[in-house]
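Below: one structure, written as structure tokens.
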Amino acid sequence: MSVTGILSAAAVVGVVGIFVGLFLGVAGIRFKVEKDEKEEAVLACLPGNNCGGCGFAGCSGLAAAIAKGEAPVNACPVGGEAVGSKIAAIMGVEASSTERKVAFVACMGDCEKAKQDYEYTGHEDCRMMAFVPGGGPKSCSSGCLGFGSCVKACPFDAIHVVNGVAVVDKEKCKACGKCVEACPKHLISLIPYSAGYAVACSSADKGPVAMKACQAACIGCGLCMRNCPSKAVKVTDFHAAIDQEKCTGCGACAEKCPRKCIVRL
């Protein structure tokens, strides 16, 4: 190739490069997406866990919703009241007080208390138990399977399987709700951090059936309900439940429970 040809090719490449650069520069200015300063400031306040406990697709999704007024300033369960106050200052509003919540596993059917119908060997995932006989090896069809689907789902290392039952560390729990979603037996719920007592059983079987399946099963005897001075306990379908808004934490229900399935938190 001649020198002239080489110079011509270089010139063409150079001109094309300049043209492409100018085009991209103009396009960048023309189609620039303006950033919402409030949204950026809100995002900087959020913890960045991207757990989805707020109901949005990560912290960026929540920040955008708060900036648009589509979500409350204290919607982040991980950040709690401290983060809510900072975001409220950015948005120029007052943050309403929120009560901290924690996850609670309504089951005490550990390896000693719960009867086993058979020995299970296989893939240990609670959600897979829907495909095995009886929904799992435990006699109580409502009990914790203890295979740790909730443990795998928790991004804060706040729940572990102890002696065959999932147990929550309330100090580590951020109430993101991941374990609630992961539990196929629907044993986990979010309750106030300040709650005094809760029923650690989810069985709705009649007394004789429940007693045979687990030593810690609620049998719906009603002693807790009859002895509660604040009428916070109600028995429905052979199962007791405590209304945390009415409960004063006196402990009368736990004292009278013959099965000791009402626990102090």
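Quantities reported herein were computed from a predicted structural model and do not represent experimental measurements. In this chain, numbering begins with 1 at the start of the sequence shown.
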Note, Cys214 side chain near Ser203 side chain (heavy atom, < 4.5 Å):
no
Could you go step by step and tell me if Val209 and Phe238 meet the side chain to side chain contact (heavy atoms under 4.5 Å, CB included) rule?
CA-CA 11 Å; Val209 177; Phe238 309 102; over 6 Å; no
Any donor and acceptor pair, going by atom type alone, linking the side chain of Asp169 with main-chain N or O of Ala158 inside 3.5 Å?
no
Side chain to side chain contact (heavy atoms under 4.5 Å, CB included) for Phe147 and Met128? Distances and angles first, verdict last.
CA-CA 10 Å; Phe147 292 137; Met128 295 299 294; over 6 Å; no
For the atom pair CD (Glu39) and CE (Met91), what is the distance rounded to the nearest 0.5 Å?
10.0 Å
Distance-minimising heavy-atom pair for Cys107 and Leu187:
CB-CD1, 4.2 Å
Short question: side chain of Tyr197, backbone of Ile242 - any donor-acceptor pair under 3.5 Å?
no
Indicate yes or no for a side-chain donor-acceptor contact from Asp237 to the backbone of His239 under 3.5 Å, with no hydrogens or angles considered.
no
Which pair of heavy atoms, one from Ala240 and one from Val233, lies closest together, and at what distance?
CB-CG1, 4.3 Å
Is the shortest heavy-atom distance from the side chain of Cys126 to the side chain of Cys150 under 4.5 Å?
no
How many angstroms lie between CD in Glu81 and NZ in Lys86, if you round to the nearest 0.5 Å?
13.0 Å
When you measure from the side chain of Ser139 to the backbone N and O of Lys115, does any donor-acceptor pair fall under 3.5 Å?
yes
Does atom NZ (Lys206) have a neighbourhood of more than 12 heavy atoms from anything else shown, all under 6.0 Å?
no
Rounded distance (nearest 0.5 Å) linking atom NZ of Lys138 with atom CG of Asp110:
7.0 Å
Connected via hydrophobic side-chain network under 4.5 Å: Ile219 and Val199:
no
Would you say the side-chain atoms of Ser149 pair up with the backbone N or O of Ala182, donor to acceptor, closer than 3.5 Å?
no
I'd like to know if the side chain of Ser202 and the backbone of Ser142 have a donor-acceptor N/O pair within less than 3.5 Å.
no
Grouping I, L, V, M, F, W and Y whenever their side-chain heavy atoms are under 4.5 Å apart, do Val168 and Val165 come out in a common cluster?
no
Side-chain contact test, heavy atoms from C-beta onward, threshold under 4.5 Å: evaluate it for Cys250 versus Ser230 and give yes or no.
no
Any heavy-atom pair between the side chains of Lys178 and Pro155 that's under 4.5 Å?
yes
Going from CZ on Arg259 to CE on Met108, what distance comes out if it is rounded to the nearest 0.5 angstrom?
10.5 Å
Would you say CD of Glu171 has more than 12 non-hydrogen atoms from neighbouring residues, nucleotides or ligands within 6.0 angstrom?
yes
Hydrophobic clusters here meaning ILVMFWY residues chained together by side-chain heavy-atom distances under 4.5 Å, can you tell me if Phe104 and Ile188 are in one?
no
Val132 to Tyr118 - nearest heavy-atom pair and separation:
CG2-OH, 3.7 Å
Looking only at heavy atoms, which two atoms of Glu99 and Pro192 are closest? And how far apart?
OE2-CB, 3.3 Å
Counting only heavy atoms not in Lys152, do more than 12 sit closer than 6.0 Å to its NZ atom?
yes
Give a yes or no on this: more than 12 heavy atoms of other residues, nucleotides or ligands lie within 6.0 Å of atom CD of Glu112.
yes
Could you give the distance from CD1 (Ile191) to OH (Tyr193), rounded to the nearest 0.5 Å?
11.5 Å
Grab the two heavy atoms, one from Ile159 and one from Cys154, that are nearest each other, plus how far apart they are.
CG2-CB, 3.6 Å
Interatomic distance, SG@Cys176 vs CD@Glu181, rounded to 0.5 Å, equals 8.0 Å
Using the rule that two of Ile, Leu, Val, Met, Phe, Trp, Tyr join whenever any of their side-chain heavy atoms come within less than 4.5 Å, decide whether Val93 and Leu46 are in one cluster.
yes
Kindly indicate, with the supporting measurements, whether the criterion side chain to side chain contact (heavy atoms under 4.5 Å, CB included) is fulfilled by Ile262 and Lys256.
CA-CA 9 Å; Ile262 300 179; Lys256 295 295 182 180; over 6 Å; no
Short N-O contact, Lys172 and Asp157, less than 4.0 angstrom:
yes
Looking at Lys185 and Leu145, would you say the former's side chain and the latter's main chain have a donor-acceptor pair under 3.5 Å?
no
Membership question, hydrophobic clusters at under 4.5 Å side-chain separation (ILVMFWY): are Ile90 and Leu62 in the same one?
yes
Glu255 versus Lys260, closest heavy-atom pair with distance:
O-NZ, 3.4 Å
